[in-house]
Peer 1: 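Following this message is one structure expressed as structure tokens.
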Amino acid sequence: MWNALGTDVDLLIIGGGINGAGIARDAARRGLSVALVEMKDLAYGTSSRSSKLVHGGLRYLEQLEFSLVFESVSERRILLDIAPHLVNPLGFLFPVFDSSRRGMREVSVGMWLYEGLSLFRSPKRHRKLKPAEVKVEEPALRTDNVRGASLFYDCSTDDARLTLESAIDAAKHGATISTWSKAVSFLKDEGGRVIGAVVKDAFSGDLKEVNARCVVNATGPWTDRTIAMSHEVSSPLLRPTKGVHIVLDRAKVPVMNAVTCFHPVDRRVLFAIPWGDRTYLGTTDTDYEGDPGDVRATLEDVDYLLAASNYHFPDHQVSRDDVICTWAGLRPLIAPDGGDDVSESKVSREHHIQIGQDGLVTIAGGKLTTYRRMSAEVVDTVVNMLRLQAALPETLSESRTDIHPLPGAVGWPPDDDHSRVAREVLSAAGDNNLLAESALHLANNYGMLAIQIGRTIHRRPELGKVMIPGRFEVWAQLEWAIEEEFAATVTDFMIQRTQLFYRDFDQGLGIVDEVARRMGEMLGWDEAARTESIERYRQDVALSREWAAQA
């Protein structure tokens, strides 16, 4: 991390979200010397607060964005191949009612067009359901006046772990990944060209100058603020919109597929998505002008989502008391030519690569699904700039991030059998040292690397114990996060490494002291550092619950 951060590299990336991690992976694999600095944890911002979907964007067909859909479904296929443990097929149910704007015939045409753009390589072929079949497929869904439905397939993912594994692979190929390291100013040459940055360690306050032949701004919602470190921004590049999700117990809203829901008030598209023992609903889409670090759900946001749930699942009414957790993220969308006259939901999800007059390369916009292709385009731009400077390494490899699996996918079964990997994890852990549910959890989240975690449990059986009674996360994950996954604070572990922040009924507060104690022993914290890390996490939890105080 900070101590490994060099002072002279080919490429300096500012921002440790999915784009920054993807760029670092691509560039390192090509043979460039790379440093990535992130002011907090990897995937701290938008990249851990998305709808957690890898999808083609069916609704973009209605906006005639065919190139975006084609690009997205193509990348969906690639991510299924290079990260099969993290990207998994998920059914999407699109019900059609008497009041729907589109009838079954139009929806069916759209489905065939959608699959055609994917060259018929969707995870599964879509099906047309009759009203009675809709009731069987989704018993909890309102079916009065339903004409039928289409059941099609996209994918779900763990957005934070997809970011994390991209960064791990980058580090494996020589990149330096430095979290909790904030770029506070740019270094410039006599001609005003950006040639690096001054970086501040969030813990010690130490400063370090990192010189780079090229600097990339991959800071998502902070894009305009990063550009402003170099020069005044006359007009913002971004129009950020806020998306809020709420998490409920699966028993409260028992969905089998991701159910498309049109809000009963404004007809905006929402989803109710199965998430293991939980269900989450989202997302909202509203303009946001505040500090990206302060984005949060409001009472209005939560009530809006609850209203949609109660309308579409009438026999499963939920209230504010049923909300386990909320998350809010910002979409770093490109500001449209029409300005505020364009509605939030119609702002394009296309991406944009900008080279400033100061030489700063900025990547903005885009979707989680297309991050790998966007990253490759950015590195192509960087390589071209380095060629103009005659500053390329002697040999430059071909990246091919489209065929090289992420670390957890190396050796993954060709038939995508998660249970087989779980059995290997159980075998590695030894008899009675690990619950079968925990082994499957490890396989789903770490892929083939879970076998190494199992071997650690075999040597130290106490690490196979669950962290929270009734759940399946184990203490071995904490040591793995610190030793292998750049975790440096309690927040890093509870949110981006395990999702206990979202999934536990108490958001992990019951074990926060023990987590901090163990982390402190491994990282050499004194009492003040341990207390600070606990308090930082408690503040994160409080922020996610702030909406309730508005009631």
Side-chain angles (χ1 to χ4, degrees), residues 17 45-53 55 57-60 62-63 92 94 101 154 156 159 220-221 238-248 252-253 255 258-275 278-313 318-336 340-349 365-369 495 501-502 540 543-551:
T46 302
S47 297
S48 62
R49 309 183 196 191
S50 74
S51 293
K52 308 186 188 305
L53 301 176
H55 65 113
L58 181 65
R59 71 184 181 87
Y60 304 141
E62 191 172 22
Q63 300 170 13
F92 281 71
F94 191 103
R101 288 191 302 115
D154 267 315
S156 63
D159 47 7
L238 297 185
R239 179 180 169 181
T241 66
K242 183 179 77 167
V244 171
H245 296 78
I246 60 173
V247 181
L248 305 165
K252 296 288 184 179
V253 182
V255 293
V259 179
T260 304
C261 306
F262 289 87
H263 198 280
V265 176
D266 60 12
R267 305 302 295 167
R268 274 203 65 255
V269 177
L270 305 163
F271 294 100
I273 300 175
W275 202 31
R278 304 288 178 253
T279 297
Y280 63 91
L281 284 93
T283 176
T284 62
D285 199 355
T286 54
D287 283 318
Y288 184 84
E289 297 180 352
D291 185 336
D294 290 336
V295 63
R296 68 200 72 181
T298 65
L299 180 63
E300 182 181 5
D301 294 326
V302 171
D303 284 347
Y304 176 88
L305 295 172
L306 289 173
S309 180
N310 288 332
Y311 176 81
H312 286 282
F313 305 100
V318 287
S319 69
R320 296 168 181 172
D321 291 338
D322 295 313
V323 177
I324 298 170
C325 181
T326 67
W327 76 78
L330 295 181
R331 305 175 188 87
L333 305 179
I334 304 298
D340 293 339
D341 292 336
V342 179
S343 71
E344 297 95 330
S345 297
K346 292 185 178 180
V347 179
S348 176
R349 269 55 174 173
K367 300 165 70 257
L368 171 67
T369 304
I495 300 182
F501 174 85
Y502 304 116
D540 289 324
L543 188 67
S544 78
R545 298 176 174 182
E546 190 173 285
W547 64 271
Q550 301 167 9

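What's counted below: heavy atoms across the whole structure, side chains too, no hydrogens, waters or symmetry copies. Remember, predicted model here, so these are calculated numbers, not experimental data.
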Peer 1: Roughly how far apart are Leu305 CG and Asn310 CG, rounded to 0.5 Å?
Peer 2: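 Here the rounded value is 11.0 Å.
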Peer 1: Within the structure provided, determine whether Lys252 and Thr279 are in side-chain contact (heavy-atom separation under 4.5 Å).
Peer 2: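 Result no, sub-4.5 Å side-chain heavy-atom pair not found.
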Peer 1: With a 4.0 Å cut-off, would you call Arg296 and Asp301 a salt bridge?
Peer 2: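 The answer is no: the pair does not qualify as a salt bridge.
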Peer 1: Check step by step if side-chain contact (heavy atoms from CB on, under 4.5 Å) holds for Val302 and Val323.
Peer 2: CA-CA 9 Å; Val302 171; Val323 177; 4.1 Å; yes
Peer 1: If I compare all heavy atoms of Val295 with all of Ala328, which pair ends up nearest, and what's the gap?
Peer 2: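 Shortest heavy-atom contact: CG1-O, 3.7 Å.
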Peer 1: Could you tell me how the ring of Tyr280 sits relative to the ring of Trp327: parallel (under 30°), tilted (30 to 60°) or perpendicular (over 60°)?
Peer 2: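 Ring orientation of Tyr280 relative to Trp327: tilted.
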Peer 1: Calculate, to the nearest 0.5 Å, the distance between atoms SG and CZ belonging to Cys261 and Arg268 respectively.
Peer 2: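 The CZ atom of Arg268 is 12.0 Å from SG of Cys261, to the nearest 0.5 Å.
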Peer 1: Return the orientation label for the Tyr304 and His263 ring planes: parallel under 30°, perpendicular over 60°, tilted otherwise.
Peer 2: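 It falls in the parallel class, under 30°.
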Peer 1: Is there a donor-acceptor contact under 3.5 Å from the side chain of Thr326 to the main chain of Ala297?
Peer 2: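 Not confirmed, Thr326 side chain does not pair with Ala297 backbone.
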Peer 1: Once you round to the nearest 0.5 Å, how far does OG1 of Thr286 lie from NZ of Lys242?
Peer 2: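 Nearest 0.5 Å value for the OG1-NZ distance: 5.0 Å.
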Peer 1: Nearest heavy-atom pair of Ile334 and Gly365: which atoms, and what distance?
Peer 2: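 Of all heavy-atom pairs spanning Ile334 and Gly365, the closest is CD1-N, 3.9 Å.
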Peer 1: Rounded to the nearest 0.5 Å, what's the gap from CD1 on Ile495 to CZ on Arg49? Could you check?
Peer 2: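 Rounded to the nearest 0.5 Å, the CD1-CZ separation comes to 7.5 Å.
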Peer 1: Go through the steps for Val269 and Phe262 under the test side-chain contact (heavy atoms from CB on, under 4.5 Å), then give the verdict.
Peer 2: CA-CA 5 Å; Val269 177; Phe262 289 87; 3.4 Å; yes
Peer 1: The test is side-chain contact (heavy atoms from CB on, under 4.5 Å); show your working for Lys52 and Trp275 and say whether it passes.
Peer 2: CA-CA 10 Å; Lys52 308 186 188 305; Trp275 202 31; 3.9 Å; yes
Peer 1: Hey, is the main chain of Val244 close enough, under 3.5 Å, to the side chain of Thr284 for a donor-acceptor pair?
Peer 2: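 Yes, because the side chain of Thr284 sits within donor-acceptor range (under 3.5 Å) of the backbone of Val244.
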Peer 1: Work out which heavy atom in Ala272 is nearest to a heavy atom in Val255; give both atom names and the distance.
Peer 2: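 Residues Ala272 and Val255, closest heavy atoms: O-CG2, 4.0 Å.
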Peer 1: Side chains of His55 and Thr369: any donor to acceptor distance under 3.5 Å?
Peer 2: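 No.
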Peer 1: Indicate the atoms forming the closest heavy-atom contact of Leu270 with Ala308, along with that distance.
Peer 2: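 Closest pair (atom of Leu270, atom of Ala308, distance): CD1-CB, 3.4 Å.
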Peer 1: When you measure from the side chain of Asp303 to the backbone of Glu300, do you find a donor-acceptor pair of N or O atoms at a distance under 3.5 Å?
Peer 2: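 No, Asp303 side chain to Glu300 backbone: no donor-acceptor pair under 3.5 Å.
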Peer 1: Using a 4.5 Å cut-off on heavy atoms from C-beta on, say whether the side chain of Tyr288 contacts that of Pro221.
Peer 2: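 Contact flag for Pro221/Tyr288 side chains = no.
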Peer 1: Does the side chain of Pro332 reach to within under 4.5 Å of the side chain of Thr46, using non-hydrogen atoms?
Peer 2: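 In contact.
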Peer 1: Looking only at heavy atoms, what is the nearest atom pair of Val253 and Ser309, with distance?
Peer 2: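 Closest pair (atom of Val253, atom of Ser309, distance): CG2-OG, 3.7 Å.
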Peer 1: Should Leu333 and Thr241 be marked as a side-chain contact (heavy atoms from CB on, under 4.5 Å) after you check the CA-CA gap, both sets of side-chain angles, and the distance that decides it?
Peer 2: CA-CA 7 Å; Leu333 305 179; Thr241 66; 3.8 Å; yes
Peer 1: What are the two closest non-hydrogen atoms of Pro274 and Ala258, and how far apart are they?
Peer 2: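 Heavy-atom minimum between the residues: CD-N, 3.7 Å.
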Peer 1: Rounded to the nearest 0.5 Å, how far does CH2 of Trp547 lie from CZ of Arg320?
Peer 2: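 Result: 7.0 Å between the selected atoms.
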Peer 1: Measure the CZ-CG distance between Arg331 and Asp285 for me, rounded to the nearest 0.5 Å.
Peer 2: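 Separation between the atoms: 4.0 Å.
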